[in-house]
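First the structure, in the form of C-alpha cells, and then the observations on it.
Values reported hereafter were calculated over all heavy atoms of this structure, with side chains retained and with hydrogens, waters and symmetry mates removed.
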Amino acid sequence: MRSIWKGALTFGLVNVPVKVYAATEDHDVSLHQVHAADGGRIRYQRRCEVCGEVVAYRDIDRAYDDGDRTVVLTDDDLKSLPSERSREIEVVEFVPTDQVDPITFDRAYFLEPDSASPKSYALLRETLERSDRTAIVRFSLRQKTRLAALRVRKGVLMLQTLLWADEVRAADFPSLEDPVKISDKELELSASLVESYSSDFDPEAFVDEYQQELRTLIQAKLEKGDAVDTEVTFGADEEKGGEVIDLMEALRASVERSRAARSGKKSDDAADDADAEEKETKPKKRSKKAS
C-alpha cells in the first residue's frame, strides 16, 4: 500500500508520528462509455466557456460563485489556510464506543507508526483497547477539515472519518407516528423467525455476485470474438498534462494504418497501374499553336 498522508497523532503531551493509508478499495469492474454504432470511446473534455479551448488539469483552479460574482481560489490560496497547513491528528476527547452512531461513519484509513520506536503508537493502541472507548479526533486531509473516530482493528489503529451532524438527514416519517397494535403471538413468531436465521457474521462468506457475473460475461464475449480493436476504436490516451487529443484524428489515423497493414504494397501497386492506364487512354489536348 502507498501512504496518502503523513502527520502525528497528538493527545496531551503524547506525540505519535503516523502514516495514513486508505483501508478500503473498490473492486467494481471499470467500464467506459462508447458509441453504440461503432464502439468508439466517448471522452469528456474540460473546455473553457470563455475562450473555447480545452484546458489541462494543471491549469484549472477552483472558484466560488455567489450568484453575482465569482471568486477564484488558487492552490496557493487553499494551502495558505491554517487548517490545511496542519499535519496533526488532534485527539479531542475519548467517548464510550456505543455513543458513536454508525450512520456517521464515512471512509476508513489505517495508521502505521512512522518513527524508529513504535512505543507511543503501542501505548495509544493499548489504552484504547483497555478503556473500551473511541477517540474523537480532528485533522485536515485534501483541503477539508475532518472529524473522525480513532479505534483499534486487529491490532492496528484505524481512523474512520465521520459525517458532520448537519450532513445526516432527519428521518421524519409521519406514517410511523400512527399507533400499531402488535400481539404477543406475533412477537413470538417473529422472534422464532429471527432465531432460525441466527448465525455468526462472516464477511468472507458473502461475494459480489453482480461483479462475478459481469466478469464472466466479459470473458465469454472475449472468447467468442465479440470485441473490437482497442487501438482503432479508443484511440490514444490523454496527452501529457491532461489535454484531450482529437479523437476523430486518432480514429482516422488508426483506421488508415490498419487498412494499410492489411492491403500492404499490393494496394499501392494497383493504384499505380490504374494511374498509368488512365494516362494512356486519356487523349492529349492540342495546343493553340498547333491548331
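Heavy atoms from other residues, nucleotides or ligands lying under 6.0 Å from CD of Glu53 number 12 at most. Within 6.0 Å of the CD atom in Gln99, the count of heavy atoms belonging to other residues, nucleotides or ligands exceeds 12. By the 6.0 Å contact criterion, CZ on Arg153 is open, its count of non-hydrogen atoms from other residues, nucleotides or ligands being 12 or less. By the 6.0 Å contact criterion, CZ on Arg151 is enclosed, its count of non-hydrogen atoms from other residues, nucleotides or ligands being greater than 12. Counting non-hydrogen atoms of neighbouring residues, nucleotides and ligands closer than 6.0 angstrom, the CG atom of Asp178 exceeds 12 such neighbours. Residue Arg47 places its CZ atom among more than 12 non-hydrogen atoms of other residues, nucleotides or ligands, all under 6.0 Å distant.
At distances below 3.5 Å, not a single donor-acceptor pair connects side-chain atoms of Ser115 with backbone N or O atoms of Pro17. A distance-only check finds a donor-acceptor pair linking the side chain of Gln211 to the backbone of Val29 [under 3.5 Å]. In this structure, Glu213 contributes its side chain and Tyr210 its backbone to no donor-acceptor pair below 3.5 Å. Between the Tyr121 side chain and the Leu157 main chain, a donor and an acceptor come within less than 3.5 Å of each other. Judged by distance alone, the side chain of Gln219 and the main-chain N or O of Thr216 form no donor-acceptor pair under 3.5 Å. Not one N or O on the side chain of Thr104 forms a donor-acceptor pair closer than 3.5 Å with the backbone of Val100. Ser192 contributes no side-chain N or O that, together with a main-chain N or O of Glu188, makes up a donor-acceptor pair within less than 3.5 Å.
The OG1 atom of Thr24 sits 8.5 Å away from the CZ atom of Phe110 when rounded to the nearest 0.5 Å. To the nearest 0.5 angstrom, Thr74 atom OG1 is 6.0 Å from Asp61 atom CG. Within the model, atoms OG of Ser120 and CZ of Arg125 stand 11.0 Å from one another, a figure rounded to the nearest 0.5 Å. Between Ile89 atom CD1 and Leu111 atom CG the span is 5.5 Å, to the nearest 0.5 Å. Interatomic distance, Ile103 CD1 to Asp101 CG, rounded to the nearest 0.5 Å: 6.0 Å. From Lys19, atom NZ reaches atom CD of Glu112 across 5.5 Å, with rounding to the nearest 0.5 Å.
Under a hydrophobic-cluster definition in which Ile, Leu, Val, Met, Phe, Trp and Tyr are linked whenever side-chain heavy atoms come within less than 4.5 Å, directly or via other members, Val20 and Val16 are assigned to the same cluster. Taking hydrophobic clusters as Ile, Leu, Val, Met, Phe, Trp and Tyr residues chained together by side-chain heavy-atom distances below 4.5 Å, Ile218 does not share a cluster with Val34. Leu159 and Met1 fall within the same hydrophobic cluster, defined by Ile, Leu, Val, Met, Phe, Trp and Tyr side-chain heavy atoms under 4.5 Å apart, directly or through other members. Put simply, Phe11 and Val95 are part of two different groups of oily side chains (I, L, V, M, F, W, Y) that touch within less than 4.5 Å, one to the next.
Lys221 is linked by a salt bridge (charged side-chain N to carboxylate O under 4.0 Å, His left out) to Asp226, counting only residues two or more places apart in sequence or in another chain.
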task: Could you give me the CA-CA distance, side-chain angles and deciding distance for Tyr57 and Arg46, then say whether side-chain contact (heavy atoms from CB on, under 4.5 Å) is met?
output: CA-CA 8 Å; Tyr57 187 78; Arg46 295 177 288 270; 4.0 Å; yes

- request: Any chance you could lay out the side-chain contact (heavy atoms from CB on, under 4.5 Å) test for Met158 and Gln160, step after step, and finish with the verdict?
  value: CA-CA 6 Å; Met158 189 184 78; Gln160 191 112 29; 3.2 Å; yes

query: Given the rule in the side-chain contact (heavy atoms from CB on, under 4.5 Å) test, do Phe139 and Leu147 qualify, once you have shown the distances and angles that lead to the verdict?
result: CA-CA 7 Å; Phe139 68 106; Leu147 190 68; over 6 Å; no

field: Audit row: Val91, Val14, side-chain contact (heavy atoms from CB on, under 4.5 Å) steps and yes/no
entry: CA-CA 10 Å; Val91 175; Val14 179; over 6 Å; no

query: So Asp75 and Arg62, salt bridge (charged side-chain N to carboxylate O under 4.0 Å, His left out) or not? Walk me through it.
result: CA-CA 8 Å; Asp75 288 341; Arg62 295 168 179 80; 3.5 Å; yes

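Put simply, the side chain of Tyr21 does not reach to within 4.5 Å of the side chain of Ile4, judged on heavy atoms. Within the 4.5 Å cutoff, side-chain heavy atoms of Leu187 are placed close to those of Ile182. With a 4.5 Å cut-off on side-chain heavy atoms, Leu150 and Ile136 do not count as touching. Contact of the His32 side chain with the Ile42 side chain is not registered, since no non-hydrogen atoms from C-beta on lie closer than 4.5 Å.
The shortest non-hydrogen separation linking Ala135 to Phe94 is CB-CE2, 3.6 Å. Nearest heavy-atom pair, Ala8 versus Asn15, reported as atom, atom and distance to 0.1 Å: CB-OD1, 3.5 Å. Considering all non-hydrogen atoms of both residues, Pro174 and Asp172 come closest at CD-O, 3.6 Å. Of all heavy-atom pairs spanning Asp77 and Val72, the tightest one is OD2-O, 3.9 Å. The minimum heavy-atom distance linking Arg133 with Leu128 is given by the pair O-CD2, 3.5 Å. Nearest heavy atoms, Ser198 versus Val194: OG-O, 2.9 Å.
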